[in-house]
Amino acid sequence: MTSESAADGPVRTAASALKTFWNFILRSFSHSLQVRIVVLTIVLTSVAIFGVGTYMSQQIARGLFDTRLDSLSSQTRSILAELRSLAPVDGQAITQDMLSSQLSSIYNRSAGSVYSLTLQPTDPNTSFSTITAGGANEDGEAPQVPITDELREAIGKAPADDKLYQSVSLPDGTGPGLLITQELQIPGAGQFQLYYLGDLSEQQDTLNFVQRSMFVAALVLVVLVGAVAWIVTRLVVTPVRTGAEVARLIADGDLDERMPVHGNDEIAVLGESFNDMADTLQHQIEQMERLSVLQRQFVSDVSHELRTPLTTIRAAADLIYDSRDDLDSVTARSAELLNSQAERFDSLLSDLLEISRYDAGAAALVPKPVDIGAIVTSVIETVSMVAEQMETAIVVHAPSSPVMAEVDRVRITRIVRNLVVNAIEHGESNPVDVYVASNAEAVAVSVRDHGVGMNEEQVEHVFDRFWRADPARKRTLGGSGLGLAISLEDAHLHHGWLQVWGKPSEGSCFRLTIPRRPDQEITSSPLPLPPRDAQIRGSALVAGPLSSDGSVRIQTGSIPIVVETEPEMLDADHDSPAEADPQSASHQETTRTAEPGTADASTDEPGTADAGERSVDIGEADLGEDSVNDSRGGRS
């Protein structure tokens, strides 16, 4: 093992620990109001303290500098006055040694406040050289005056009596300094430039002490503010958390849970109001449950009690109907109406009994392996006479191979029959397309009509019991108003979906999606919704359970609503047949045409269906019973 590979282990461990810690911080910040408030309080307090501390530090530094500048300026004026007062002694001229001795004397008297004094002649032809007092290093060498180019340029431009100063660093690097310079005239010696280098180490030490004290105070203040924020937010967040937990328990069905109330403050008032609301909700829910139980019991009892007299009425109606040829025309017509209404009454009772079973939780699923395509074919053959009466052609798009699933054949047949009959009723004699498809986890049946369609409100309520899309619409095929409600319950019993899309004047499409096995969960449907041939612009309202095929759930009205994104419109000039028809892209299909009353036929009928599709084309025929008009016409 190399040293690099041996070092990778601790590095990865440290990186993993940092990542875990960071994720914990992010999770705590996003899930905890208390942590969020404390962190924001600490951050904002730190920013405020940093700003105030920076301002105070700058003001203190400026004050210390100005005070030191005034002191050194005063000393500089005294030195200048003393040097200007020099005069030759006993007629002797001022020499280099005399200036050096005088400058050293001045430096010694100013020890502790001055770092070095330097006299530099301004005339290059003078006999005097630069004189420096103080600031010598360990080797005894005089320090070099730290004159910057900026200061040298300012000296050249300044008038003779101007005093200039600049902050510099001391030559030995022990701390900051202040360099003051001014030109002076020494009698008998000439023009000189005086450089006074003052030591600011004491002021820097004072500033550092103040800054350290402010930092410690700020740190303590931030900790105290964070602790105060934690305590204050805890006093508020704890009742909120308790209320959230109580609300969750109430939502789960534990209606006796209540918030603990302590004191008389605003939190206590909130708790009392919450408990009052919970009491009211509990009372209303219990009352609604009692009413619901009474309603279900009433429907069940009435349905069972009406079964016996209805049987007698049916027997009498059948007897009269069979003898209608011996009656006059008015009585014969009454016998026909009596027979049709008795059959409708029997269908309504059957639907009410089925609904009561669902409400009572007594509906049982009897799954068996079934070919869904065979169920669809059987339903089409059953409703063929109805389709002939409505002059509606039914086209089945199904794979040639069986589409197997473990389902309750009776319930799936009832769903498909309800969907097909509704499509015929509202298809305005336009063709009805029935699609059958499957994937690894589910099978699906879509019934697409091109009739009156539905608006968003109708899509939202289409599965409600006894609800009519258009009460003024003529209802040709009768019905109890419970067909789609029962179909939805049948789909839910299979752990499947029953969804619908509709648009006015463009028809509608019902999609049934059920798992291949009852214990299997479905996440997507083999068939698209809205259908591929729908002219969708923007979003489309789809009623039904939440799916994972690009839809977003919206809770409106009595059933879940999902908004499907705009499907990609296929271009026949660019897309292949498999892309244009996903219902048949993964299957090899055959074409069959069934005439009315014929179970199957093998002759091809051009124009009935597209190539590769199984087609059932229904012609015209009279119904075996009179149609019934109902002022509550609509989908049932």
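FYI, the numbering just counts along the sequence from 1. Computed from heavy atoms alone, side chains included, the values below leave out hydrogens, waters and symmetry copies.
Here CG of L493 is found 12.5 Å from CD1 of I486. Values are rounded to the nearest 0.5 Å. To the nearest 0.5 Å, atoms CZ (F510) and CG (L484) are separated by 5.0 Å. Distance check, rounded to the nearest 0.5 Å: OH of Y435 to CG of L527 gives 9.0 Å. Note that the CG atom of L249 and the CD atom of E257 stand 5.0 Å from one another [nearest 0.5 Å]. Separation of atoms CD1 (I250) and CZ (F274) is listed at 4.5 Å; rounding is to 0.5 Å. Remark: R448 CZ to L529 CG distance equals 10.0 Å, nearest 0.5 Å.
Counting only residues at least two apart or in different chains, salt bridge (charged side-chain N to carboxylate O under 4.0 Å, His left out) contacts with residues 276-294 comprise R258-D279.
Judged by distance alone, the side chain of D318 and the main-chain N or O of A315 form no donor-acceptor pair under 3.5 Å. Side-chain atoms of S384 come within 3.5 Å of backbone atoms of E381 as a donor-acceptor pair (strictly under, hydrogens ignored). No side-chain donor-acceptor contact under 3.5 Å links Q284 to the backbone of L281. The main-chain N or O of G373 is found under 3.5 Å from a side-chain atom of T377 such that the two form a donor-acceptor pair. Counting only distance, with no hydrogens or angles, the side chain of N339 and the backbone of A335 share no donor-acceptor pair below 3.5 Å. When atom types are taken as modelled, the side chain of S446 and the backbone of R511 share no donor-acceptor pair closer than 3.5 angstrom.
Checking D449 against H426 by side-chain atom types alone, no donor-acceptor pair falls below 3.5 Å.
Considering every non-hydrogen atom in both P399 and V403, the closest pair reads CG-CG2, 3.5 Å. Heavy-atom minimum distance, Q282 versus L255: OE1-O, 3.3 Å. When all heavy atoms of S524 and W497 are compared, the closest pair comes out as N-CH2, 3.8 Å. In plain terms, the two heavy atoms of D408 and H494 that are nearest each other are N-NE2, 3.0 Å. Considering all non-hydrogen atoms of both residues, S429 and T392 come closest at CA-OG1, 3.6 Å. In plain terms, the two heavy atoms of M390 and I424 that are nearest each other are CG-CG2, 3.5 Å.
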Go through I320 and T331 one step at a time and tell me if the side chain to side chain contact (heavy atoms under 4.5 Å, CB included) criterion holds. CA-CA 10 Å; I320 298 173; T331 307; 5.8 Å; no

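Applying the 6.0 Å contact sphere to CE of M277 captures more than 12 heavy atoms from other residues, nucleotides or ligands.
The shortest side-chain heavy-atom distance between V407 and I372 falls under the 4.5 Å cut-off. Side-chain atoms of I412 and I415, non-hydrogen and from C-beta on, do get closer than 4.5 Å to each other. Contact of the Y321 side chain with the E336 side chain is registered, since non-hydrogen atoms from C-beta on lie closer than 4.5 Å. In this structure, the side chains of H492 and L498 stay at 4.5 Å or more apart for every pair of heavy atoms. With a 4.5 Å cut-off on side-chain heavy atoms, V379 and T413 count as touching.
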Under 3.5 Å, sequence neighbours excluded: what are the donor-acceptor pairs made by side chains of residues 512-521?
residue : atom : partner : partner atom : Å
T513    : OG1  : S525    : OG           : 2.9
R516    : NE   : N439    : O            : 2.8
R516    : NH1  : M404    : O            : 2.8
R516    : NH2  : S438    : OG           : 3.0
R516    : NH2  : N439    : O            : 3.2

